[in-house]
Amino acid sequence: GEKIPFVGSFVLFMQSPAGWLCMLLLSGAVIITPIVEKKLEKANAPKQNFAEQKKKNTRAKLDEGFSCAMRGDFTLAGKYLGEAMHSLLLEADVDQETITDIAKKIVNPSLYIEISSIQWLEWGTSAYQKKLYEAAILFLEKSLVSEKDERMARKALFLIGEIRVSQSMI
């Protein structure tokens, strides 16, 4: 018969409606919280997989474009490479080395793909905005090769000059 302090008051508390409510909330937090977190993770997983899948598709289009070019199907190669480069420049986390390597391959004179000078200018501007200066210069110089409009040529020359001066790439 020795009394333990606070046990009696705990038992009385647990017999009251407030005690039942506390136990219900505690068990709910322990049991329901992990289940809800798993459901939220599953709901967010497709968003993460979508970005990864888009990157994979872009890389696959690049590979397909270069293989079409090697086979001599330059029309299809231009289509695939154009779509892939556009997607690549829209990616959030862009790898500078990868884009520069791809840009060097695409602007290579032995690759006979037909891409308009406006498209080259757009890619150059996008690369410039993402601070991919070497790729920007490659694209902008390629746009100058076939550009007929003076204003567009001036814009390309201005951006090339700005990059070369600001980045000491003279």
Participant: Are L157 and I118 connected into the same hydrophobic cluster when the rule is that any two of I, L, V, M, F, W, Y join if their side-chain heavy atoms are below 4.5 Å apart?
Facilitator: yes
Participant: Applying a strict under-4.5 Å side-chain criterion to I, L, V, M, F, W and Y, I'd like to know whether I115 and L76 cluster together.
Facilitator: no
Participant: Considering all heavy atoms of both residues, which atom of S87 and which atom of T58 are nearest to each other, and what is their separation?
Facilitator: CB-OG1, 3.5 Å
Participant: At what distance, to the nearest 0.5 angstrom, does OG of S116 lie from CD of E122?
Facilitator: 8.5 Å
Participant: Apply side chain to side chain contact (heavy atoms under 4.5 Å, CB included) to the pair E134 and D101, showing each step before the final yes or no.
Facilitator: CA-CA 10 Å; E134 190 174 349; D101 289 343; over 6 Å; no
Participant: Short question: side chain of K130, backbone of E91 - any donor-acceptor pair under 3.5 Å?
Facilitator: yes
Participant: Going by heavy atoms in the side chains, are F139 and E141 under 4.5 Å from each other?
Facilitator: no
Participant: Work out which heavy atom in S126 is nearest to a heavy atom in L89; give both atom names and the distance.
Facilitator: CB-CD1, 4.0 Å
Participant: Output, in order, the C-alpha distance, side-chain angles, deciding distance and verdict of side chain to side chain contact (heavy atoms under 4.5 Å, CB included) for I102 and M85.
Facilitator: CA-CA 8 Å; I102 293 168; M85 184 52 69; 3.3 Å; yes
Participant: Check K55 with D93, please: is the shortest side-chain N to carboxylate O separation under 4.0 Å?
Facilitator: yes
Participant: Under 4.5 Å side-chain heavy-atom separation, chaining through any Ile, Leu, Val, Met, Phe, Trp or Tyr, what else clusters with V36? Say none if it is isolated.
Facilitator: I32, L40
Participant: Is it the case that the side chain of T33 and the backbone of V30 share a donor-acceptor pair, with hydrogens and angles ignored and the cut-off at 3.5 Å?
Facilitator: no
Participant: Flag the pair W120 / L140 as yes when at least one side-chain heavy-atom distance between them is below 4.5 Å, and no otherwise.
Facilitator: no
Participant: Please name the pair of heavy atoms, one in L138 and one in K104, separated by the smallest distance, quoted to 0.1 Å.
Facilitator: CD1-CG, 3.6 Å
Participant: Partners of F74 by side-chain contact (heavy atoms from CB on, under 4.5 Å), sequence neighbours excluded?
Facilitator: A69, Y112
Participant: Hey, could you give me the OG/CG distance between S143 and L159, rounded to the nearest 0.5 Å?
Facilitator: 9.0 Å
Participant: Run the numbers on W20 and M14 for side chain to side chain contact (heavy atoms under 4.5 Å, CB included), then give the verdict.
Facilitator: CA-CA 6 Å; W20 283 100; M14 291 308 294; over 6 Å; no
Participant: Could you go step by step and tell me if Y80 and D73 meet the side chain to side chain contact (heavy atoms under 4.5 Å, CB included) rule?
Facilitator: CA-CA 11 Å; Y80 283 136; D73 191 356; over 6 Å; no
Participant: Can you confirm whether R154 sits close enough to F158 that some side-chain heavy atom of one is under 4.5 Å from a side-chain heavy atom of the other?
Facilitator: no
Participant: Between W123 and L81, which heavy-atom pair has the shortest distance, and what is it?
Facilitator: CH2-O, 4.4 Å
Participant: Hey, what do you get for CD1 (I106) to CG (L88), rounding to the nearest 0.5 Å?
Facilitator: 8.5 Å
Participant: I need the E64 CD to N57 CG distance, nearest 0.5 Å.
Facilitator: 12.5 Å
Participant: For A103 versus A135, what's the shortest heavy-atom pair and its separation?
Facilitator: CB-CB, 4.0 Å
Participant: Any side-chain heavy atom of Y128 within less than 4.5 Å of one from I163?
Facilitator: yes
Participant: Identify the two heavy atoms, one from A77 and one from G65, that lie closest to each other, and give their separation to 0.1 Å.
Facilitator: CB-O, 3.3 Å
Participant: Take a 6.0 Å sphere around CZ of R71 and say whether it holds more than 12 heavy atoms from other residues, nucleotides or ligands.
Facilitator: yes
Participant: Does A153 have any side-chain contact (heavy atoms from CB on, under 4.5 Å) partners at least two apart in sequence or in another chain, and if so, which?
Facilitator: L144, E147
Participant: Calculate, to the nearest 0.5 Å, the distance between atoms CD and OG1 belonging to E97 and T100 respectively.
Facilitator: 8.0 Å
Participant: Nearest 0.5 Å please: distance from the CD atom of E114 over to the OG atom of S146.
Facilitator: 10.0 Å
